[in-house]
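Starting from 1, each residue takes its place in the sequence as its number. When a ligand or atom number is given, it counts from 1 through the structure's own listing order.
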Amino acid sequence: MNIGKHFSFEGTVKEIRPFGDGLINDTFFVETEGNSPNYILQRKNKNIFTDIPAMMDNIQKVTTHLKNKIIAQGEDPLRRALTVTPTTDNKLCYQDENGDYWAACLFIEDTIAYQAADSPELAFQGGKGIGQFQAMLADMKDPLANILPGFHDMRFRFQQWDEILGKDPVGRKAAVAEEIKWVEDRRNKIMEVWEKVESGEIPTRVTHNDTKINNILFSKEGEVLCVIDLDTVLSSTILNDFGDAIRYYTNAGKEDEKDLDKVYVRMNIFEGFTKGYLSEAKAFLSPSEIEYLAFSAIYITVEQVLRFLMDYIDGDNYYKTQYEDHNLVRTRAQIKLCDSMEENYETMKALVEKLAK
Ligand code: ADP
Ligand code: GN1
Ligand code: MG
């Protein structure tokens, strides 16, 4: 692959090969010879990120802020935060002849990106990682560009939904009437909470917005090291970070599990993540944020159902899919997960109240 020569990699590149299983970007591992560092190289998804240079500026601002904090704490800024590797002409990304944007960062060695949280201890570490990440960014003054307008904005999502359902471009709508009704039954409640963000009752802060477990690197000893995949760092509500993590960590099955009996909320994992998160975050959270923390898991899972189902109805233009009905399988698994969250809501709420004291 020729793209490597445009980046200021140390040493000689031996091989560049596909890596990881994100749903948005194309990720490659850059292996260098000898003791030189290895790298991650990504073709950023230009259909989703319409201003990739602005996105990279955001990432640079955030990682610079994080690194200053990490150095002040006496820790290693190259392991505890992402390090963007510039191009040979010192830009944060390279645009190729097809118009695609590429960006690179240091590969953080001896780490694990888990695909699932299989113990409350690991969930605790993940929660601590997200709490620390938000805490370190809480005093960031430099404003971030809004590179994904409407990303977790439910007013915008329902507008998109109404539009795509109105068009039904590939004729899939009739067969998913039951799933559509499931979303519609929740619209008012979700909008009621979103309005509190719009009115400022629930504040906005610098947040990650894609807190699934494989966007955190853990040490081999099981401690959280570094939050990665910073493409979606934005000014938003922390409820999105907490809720999305709970959606992902607590699920006993996979995000695209076909056997729905395997999909439900694991309350011990909920407790582990929430304990870790609040151990860092309760110092800066407002009462309104704490009040809606448990509901945010339901909120974000409804949003995820809507996004997978809307993409299915739209003909699979957004998420990478591996087979024809993949987005529908994802939709059904997320519905099952959300049903289980709704059943456990009172317990979740009581646990948050206890742990936030
Ligand atoms: P996507 O946006 O497609 O999800 P990510 O940035 O999350 O892409 O990268 C995909 C995977 O690559 C991660 O889940 C992780 O396993 C690995 N990865 C990404 N960046 C690094 C890094 N700096 N060091 C080590 N592994 C990384
Ligand atoms: C995408 O990039 P990745 O795979 O970590 C998506 C998230 C979804 C998630 C569902 C920019 O995350 O919002 O929740 O898939 N990212 C973007 O797995 O849309
Ligand atoms: Mg990712």
Side-chain angles (χ1 to χ4, degrees), residues 9 17-31 37-50 52 55-56 58-59 63 66 77-85 101-116 126 147-153 156-157 160 207-220 225-234 236 240-241 243-249 251 254-257 297 299-311 317-322 326-327 329-331 333-334 337:
F9 295 142
R17 54 178 181 272
F19 193 79
D21 42 9
L23 299 191
I24 303 296
N25 299 310
D26 297 317
T27 303
F28 301 86
F29 176 72
V30 181
E31 187 183 353
N38 297 314
Y39 298 89
I40 285 285
L41 176 65
Q42 284 185 322
R43 177 171 34 224
K44 299 288 185 180
N45 189 320
K46 67 174 182 222
N47 297 328
I48 291 174
F49 305 110
T50 51
I52 291 167
M55 175 176 97
M56 293 307 299
N58 279 357
I59 295 178
T63 53
L66 289 172
L78 298 179
R79 286 186 71 71
R80 303 292 315 254
L82 272 189
T83 306
V84 177
T85 307
Y101 282 96
W102 295 79
C105 61
L106 264 188
F107 182 79
I108 306 175
E109 302 284 348
D110 300 318
T111 60
I112 307 176
Y114 290 93
Q115 297 303 331
I147 50 123
L148 283 171
F151 189 56
H152 281 304
D153 172 339
F156 171 74
R157 291 296 180 195
Q160 272 187 315
T207 47
H208 184 280
N209 296 297
D210 190 2
T211 48
K212 56 200 220 187
I213 192 165
N214 64 10
N215 286 333
I216 286 200
L217 299 177
F218 295 85
S219 73
K220 291 196 167 143
L225 265 182
C226 174
V227 179
I228 60 168
D229 200 348
L230 302 179
D231 298 353
T232 52
V233 169
L234 293 165
S236 177
N240 296 330
D241 283 359
D244 203 31
I246 295 301
R247 175 184 79 77
Y248 210 83
Y249 281 69
N251 190 351
K254 294 189 302 227
E255 191 178 56
D256 58 355
E257 181 58 63
Y299 167 96
I300 213 91
T301 309
V302 173
E303 180 190 321
Q304 194 63 67
V305 169
L306 180 150
R307 290 175 66 199
F308 283 146
L309 183 55
M310 183 164 79
D311 196 33
N317 294 311
Y318 189 95
Y319 291 108
K320 288 186 195 167
T321 51
Q322 274 136 28
H326 203 163
N327 271 320
V329 168
R330 287 171 175 148
T331 302
Q334 294 292 298
L337 179 66

Legend entry - Any N or O of Thr111 closer than 3.5 Å to N or O of ligand 1: no
Legend entry - Side chain, backbone, both or neither: Asp26 near ligand 1, heavy atoms under 4.0 Å: neither
Legend entry - Parallel, tilted or perpendicular: ring planes of Phe28 versus Trp102, cut at 30 and 60 degrees: tilted
Inset, instruction - Tell me which part of Ile40 gets within contact of ligand 1: side chain, backbone, both or neither, using heavy atoms under 4.0 Å. - result: side chain
Inset, instruction - With heavy atoms only and a cut-off of under 4.0 Å, state how Arg330 meets ligand 2: side chain, backbone, both or neither. - result: neither
Legend entry - Heavy-atom nearest neighbour in the protein, as seen from atom 10 (C) of ligand 2, with distance rounded to 0.1 Å: Glu255 OE2, 3.3 Å
Inset, instruction - Just jot down the ligand 2 atoms closer than 4.0 angstrom to any heavy atom of Arg247, in number order. - result: 10 (C), 14 (O)
Inset, instruction - Just need the protein heavy atom nearest to atom 19 (O) of ligand 2, so name the residue and atom and give the distance. - result: Tyr318 OH, 2.5 Å
Inset, instruction - Before accepting this row, confirm whether a basic side-chain N of the pair Glu255/Arg330 lies closer than 4.0 Å to the acidic partner's carboxylate O. - result: no
Legend entry - Numbered atoms and elements of ligand 1 in range of Asn215, under 4.0 angstrom, heavy atoms: 7 (O)
Inset, instruction - Ignoring angles and geometry beyond distance, decide whether Gly20 reaches within less than 3.5 Å of ligand 1 through its nitrogen or oxygen atoms. - result: no
Legend entry - Those atoms of ligand 1 less than 4.0 Å from some heavy atom in Cys105: 23 (N)
Inset, instruction - Determine whether the side chain, the backbone, both or neither of Thr27 has a heavy atom under 4.0 Å from any heavy atom of ligand 1. - result: side chain
Legend entry - 2.8 Å cut-off met by an N, O or S atom of Asp210 to the Mg ion (ligand 3): no
Legend entry - Numbering as shown, the atoms of ligand 2 that approach Tyr319 to under 4.0 Å (heavy-atom distance): 8 (C), 15 (O)
Legend entry - Selected option - heavy-atom contact closest to atom 1 (C) of ligand 2, from Asp244, Ile24, Ile213: Ile24
Inset, instruction - Would you mind telling me if ligand 2 is within reach of the side chain of Asp231, the backbone, both or neither, using heavy atoms under 4.0 Å? - result: neither
Inset, instruction - Determine, using heavy atoms of Phe151 and all atoms of ligand 2, whether some pair is separated by less than 4.0 Å. - result: yes
Legend entry - Thr232, Asp210, Leu148, Thr27: member with heavy atom nearest to atom 5 (O) of ligand 2: Asp210
Inset, instruction - Report yes if the distance between the aromatic ring centroids of Phe9 and Tyr39 is under 6.0 Å, otherwise no. - result: yes
Inset, instruction - Please report which non-hydrogen protein atom sits nearest to atom 14 (O) of ligand 2, along with the residue it belongs to and the distance in Å to one decimal place. - result: Gln304 OE1, 2.7 Å
Legend entry - Protein residue, atom and distance nearest to atom 4 (O) of ligand 2, heavy-atom basis: Leu23 N, 2.8 Å
Inset, instruction - Starting from atom 4 (O) of ligand 1, locate the nearest protein heavy atom and write down its residue, its atom name and how far away it is, to 0.1 Å. - result: Asp229 OD2, 3.0 Å
Inset, instruction - State whether the shortest distance between N or O atoms of Leu82 and N or O atoms of ligand 1 falls below 3.5 angstrom. - result: no
Inset, instruction - Determine, for Lys320 against Asp26, whether the closest basic-nitrogen to carboxylate-oxygen distance falls under 4.0 angstrom. - result: yes
Inset, instruction - For atom 14 (O) of ligand 1, find the nearest protein heavy atom and state the residue, atom name and distance (0.1 Å precision). - result: Asn214 O, 2.7 Å
Inset, instruction - Could you say whether the N/O atoms of Gln42 and ligand 1 ever approach to under 3.5 Å? - result: yes
Inset, instruction - Identify, by atom number and element, the atoms of ligand 1 in contact range of Phe19, meaning under 4.0 Å from any of its heavy atoms. - result: 12 (O), 17 (C)
Inset, instruction - Could you list the atoms of ligand 1 found under 4.0 angstrom from a heavy atom of Ala113? - result: 15 (C), 16 (O)
Inset, instruction - Could you name the option among Lys212, Arg307, His152 that has the heavy atom nearest to atom 18 (O) of ligand 2? - result: Lys212
Inset, instruction - Using a strict cut-off of 4.0 Å, indicate which atoms of ligand 2 neighbour a heavy atom of Asp229. - result: 2 (O), 5 (O)
Legend entry - Distance-only donor-acceptor check, side chains Asn215 and His208, under 3.5 Å: no
Legend entry - Option with minimal heavy-atom separation from atom 18 (N) of ligand 1, where the choices are Thr232, Ile213, Ile228: Ile228
Legend entry - ligand 2 contact on Asn215 by region, counting heavy-atom pairs under 4.0 Å: side chain
Legend entry - Ion pair Lys212/Asp244, N-O distance below 4.0 Å: no
